[in-house]
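FYI, the numbering just counts along the sequence from 1.
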Amino acid sequence: MGSAALGEAIRNIRDWAMHEGRAVTTPARVGEIFGSFVFNDKTQQARLPKGVYKSLRETITQGRPLDISTADAIASALKDWAIEHGASHYTHWFQPMTGITAEKHDSFYAPTGDGRAMAEFSGKELVRGEPDASSFPSGGMRSTFEARGYTAWDPTSPPWLFTNGNSLTLVIPTAFVSWTGEALDKKTPLLRSMEALSTQAVRVLRLFGSTASRVTATCGPEQEYFLIDRNFYFARPDLINAGRTLFGARPPKGQELEDQYFGSIPERVLACMAEAEAELYKVGVPIKTRHNEVAPSQYEVAPIFESANVATDHQMMTMETLKRVAGKYGLACLLHEKPFAGVNGSGKHLNWSMADDLGNNLLNPGDTPHDNMQFLFFCAAVLRGVDRFQGLLRMSIARAGNDHRLGANEAPPAILSVFLGDMLTDIFEQVESGGAKTTKHGGFLDIGVSVLPQLPRDAGDRNRTSPFAFTGNKFEFRAVSSNQNVAFPATCLNVAVTESLDYMAGELEGMLAKGQGLEDAVGALLKKVVKQHKRIIFNGNGYADAWQKEAATRGLLNHKETVAALPEVIKPDVIKTFTKFKVLSERELHARYEVNLENYAKTINIEAQLMVLMANRYILPAALDYQKQVAQSVIAVKQAGGASKEGKKLLTDLVKLIDGFRATTVLLAKALDHTSPSTEAHAKYMRDKVIPLCMKLRDLGDRLEVIVPHSIWPLPTYREMLFIK
């Protein structure tokens, strides 16, 4: 079967190059198509009555509620616009706690008494939908018989048109809540956290004399992914059902030559990228960058900054589009954190900042950050937030798949720390010593070639081993995993910074009330905050063993795997903070703890069951076939009067290896026949009992792969999947 998949993959590439390549790679005219399928501000202004448009803008920018007459007018214009483009259905698109998106399509059209059909769409249908709330993960908040749930239109994220084959659907981004009003999704807490952050950030800006009335958390999530030939994908049960290879020996060549990163993009891959980008441009996703990543067959796409909730919607659309378009090119898109052992896995760097409604990036240090009090205040608030809520941030990216990559030489360690770079570290050291007076500048880099320009050099280098790094005018949360919805990490970051801004604003207000001048008060407060939280700053090598020891002496948390990290979300201080700012209640937080534990245990269970299946139905039959061939060869040599010492040794070693493989398979199957008294106990059982058996079985299976002849090995190998493009 492995050889068959190889042949199909080669034919697939040849057929694409001969028949499809030129036809589907016509360059997109980005300026003409960008946002053409979005009911964006320009379209709203053109199609809505002036009063309705003004009311909608006030809802989006100021949070004012819509009345039903305004909603009806918007719904009518939205329906007409969608139908003119060819849409027949609409859907309330939401993000349940499954981690993916959900949608139910309803037709605009209803039959009339004279046998025709008329398109109808009311404000009530726009604003509210009603999916079955008991059929989605709820962590115990919804019983099976408690089915009612609501989707509520999020007007801050504009609707768009989704094309798939001969279907065109109006997509309305929504929040998803239960009949009791509890959040059952990823978007609702994100929107709540953005409101809370805005309130506290504006409170701080007022103290600095700003007239801004709203602050928005902004995000730009990068996306890493793999593309392999789909014939290989379909020949691997583990890739289909688990998203990663559960067996697979390392190839002779991996990424050690470092020749993949930023290398020339293969023709078929580039054509796929171009079409995916064109589809994303139509729905307003601001894709900026594409390139080869470090591992073979690994790539990255990155957008520019947007409002955090819009960026989250666009990021989910990006993943869905990459998977959908890949199939057109005979490819499969792998979004798992670690599809292949031994080469780099994939992450999703979450670039995060804050911007006010006057157009200012609050984390822009300017040319002289040492005397930019407002910037230093917001930057210090982030430092304090990350330090105080390091456990929460670690929990926000804790997943079974991410356990395979965090801490390896490809991803940040599980220890949360902040990289500031030489310039900002020096400034905060000055702050702690009594006041910042100078800013280091990098000057210019003389390359030594007269025709090349002198390049301005940054004051400090970057650090790819840092999980949370300042990168010029934003922070980059680098530990987020590749197939994760970024909404919850962004929510947790928003909450952490909100709490810090609230605390620091209160301290500053108290100092000013006592007659202290703004500059002196800010200086004193920053000195206090830096002294208390400087332990979170680390600019060194996060991969080094010495850092593990140093981090422990600093009192930093080091949750190396998911089950250890998840309880951080139900710690008293976390519950107190989330409830104070009305982002999530204690019940909603406990629900997310339960859902994440369940997801972890179910993920390990699926992987273990797949390994048993693949061992019994794929690997073991091939290994026994080879064992038979070797035994027959030894017997034939003996009957011919010869003696095959090495043949006998090979047979003995092979029998021992196969027996061990079979015995471990049986042990793993028995280990899965288990019940636990609680979700937490079950997750721990999977971690402590099942995963070690999976690792042992994989090791034995991979040892068999390198000795069983390729002609009878049933699975595509790493050598084929990673390098045949």
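By the 6.0 Å contact criterion, CG on D545 is open, its count of non-hydrogen atoms from other residues, nucleotides or ligands being 12 or less. Heavy atoms of other residues, nucleotides or ligands lying less than 6.0 angstrom from NZ of K560 number 12 at most. Within 6.0 Å of CD on E519 lie no more than 12 heavy atoms contributed by other residues, nucleotides or ligands. Summarising the local packing, CZ of R250 is surrounded by 12 or fewer heavy atoms from other residues, nucleotides or ligands at distances under 6.0 Å.
The closest donor-acceptor contact from the side chain of T245 to the backbone of P339 lies under 3.5 Å. Counting only distance, with no hydrogens or angles, the side chain of E476 and the backbone of L350 share no donor-acceptor pair below 3.5 Å. Between the side chain of Q390 and the backbone N or O of D387 there is at least one donor-acceptor pair closer than 3.5 Å. With hydrogens and angles ignored, the 3.5 Å screen pairs a side-chain donor or acceptor of S396 with a backbone N or O of L393. With hydrogens and angles disregarded, no donor-acceptor distance shorter than 3.5 Å links the side chain of H559 to the backbone of E561. Side-chain atoms of S482 do not come within 3.5 Å of backbone N or O of G347 as any donor-acceptor pair. With hydrogens and angles disregarded, no donor-acceptor distance shorter than 3.5 Å links the side chain of K725 to the backbone of D229. Between the R405 side chain and the E337 main chain, no donor and acceptor come within less than 3.5 Å of each other.
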task: Could you walk me through whether M194 and N309 pass the side-chain contact (heavy atoms from CB on, under 4.5 Å) test, one step at a time?
output: CA-CA 9 Å; M194 292 175 67; N309 68 307; 3.7 Å; yes
- request: List the steps, then state whether side-chain hydrogen bond (donor to acceptor under 3.5 Å, both in side chains) holds for T368 with D371.
  value: CA-CA 6 Å; T368 56; D371 60 10; 2.8 Å; yes
- prompt: For R394 and E568, what are the C-alpha separation, side-chain angles and deciding distance, and is it a side-chain contact (heavy atoms from CB on, under 4.5 Å)?
  reply: CA-CA 8 Å; R394 171 64 181 92; E568 292 291 337; 5.9 Å; no
message: Run F226 and L722 through side-chain contact (heavy atoms from CB on, under 4.5 Å) and show every step you take.
response: CA-CA 9 Å; F226 283 79; L722 290 173; 4.2 Å; yes
message: Using side-chain contact (heavy atoms from CB on, under 4.5 Å), reason through F375 and L362 one step at a time and then give a plain yes or no.
response: CA-CA 6 Å; F375 161 74; L362 303 184; over 6 Å; no
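The distance between the ring centers of F340 and Y718 falls below 6.0 angstrom.
Separating the CD1 atom in I304 from the CG atom in N351 is a distance of 12.0 Å, to the nearest 0.5 Å. Here the CZ atom belonging to F538 is positioned 13.5 Å from the CG atom belonging to L416, to the nearest 0.5 angstrom. For the atom pair CD1 (I537) and CZ (F470), the distance works out to 12.5 Å, reported to the nearest 0.5 Å. Rounding to the nearest 0.5 angstrom, the gap separating the CZ atom in F468 from the CZ atom in F419 is 13.5 Å. Rounded to the nearest 0.5 Å, atoms SG (C272) and CG (L322) are 7.0 Å apart. Atoms CD and CG, on E320 and L335 in that order, are 10.5 Å from each other to the nearest 0.5 Å.
For the residue pair D313/Q95, the side-chain donor-acceptor check at 3.5 Å is satisfied. Side chains of Q315 and Q223: a donor on one and an acceptor on the other come within 3.5 Å. No side-chain donor from either of N473 and S353 sits under 3.5 Å from a side-chain acceptor of the other. Residues N344 and Q298 bring no donor and acceptor atom of their side chains to less than 3.5 Å of each other. Checking E306 against H314 by side-chain atom types alone, a donor-acceptor pair falls below 3.5 Å. With hydrogens and angles left out, the side-chain atoms of N596 and R399 include no donor and acceptor closer than 3.5 Å. For the residue pair T425 and D422, no side-chain donor N or O sits within less than 3.5 Å of a side-chain acceptor on the partner. Residues E300 and T289 bring no donor and acceptor atom of their side chains to less than 3.5 Å of each other.
Applying the side-chain contact (heavy atoms from CB on, under 4.5 Å) rule to A380 yields the partners F428, M504, L526, V529; only residues at least two apart in sequence or on another chain are considered. Take K528 and apply the salt bridge (charged side-chain N to carboxylate O under 4.0 Å, His left out) test, not counting sequence neighbours, and it matches E507. Not counting sequence neighbours, the partners of D502 by the side chain to side chain donor-acceptor pair (under 3.5 Å) test are R203, K580.
Using a cut-off of 4.0 Å between Lys/Arg side-chain N and Asp/Glu carboxylate O, R703 and D699 are scored as salt-bridged. One finds a salt bridge joining R290 and E277 here, because a Lys/Arg side-chain nitrogen approaches an Asp/Glu carboxylate oxygen to under 4.0 Å. A salt bridge is absent between K348 and E224; no separation between the charged side-chain nitrogens and carboxylate oxygens falls under 4.0 Å. Between R388 and E499 a salt bridge is recorded (basic side-chain N to carboxylate O distance below 4.0 Å). We find that R236 and D238 are joined by a salt bridge, their nearest charged nitrogen and carboxylate oxygen being less than 4.0 Å apart. Ion pairing of R698 with D702 is present here, as a side-chain N (NZ or NE/NH1/NH2) and a carboxylate O approach within less than 4.0 Å.
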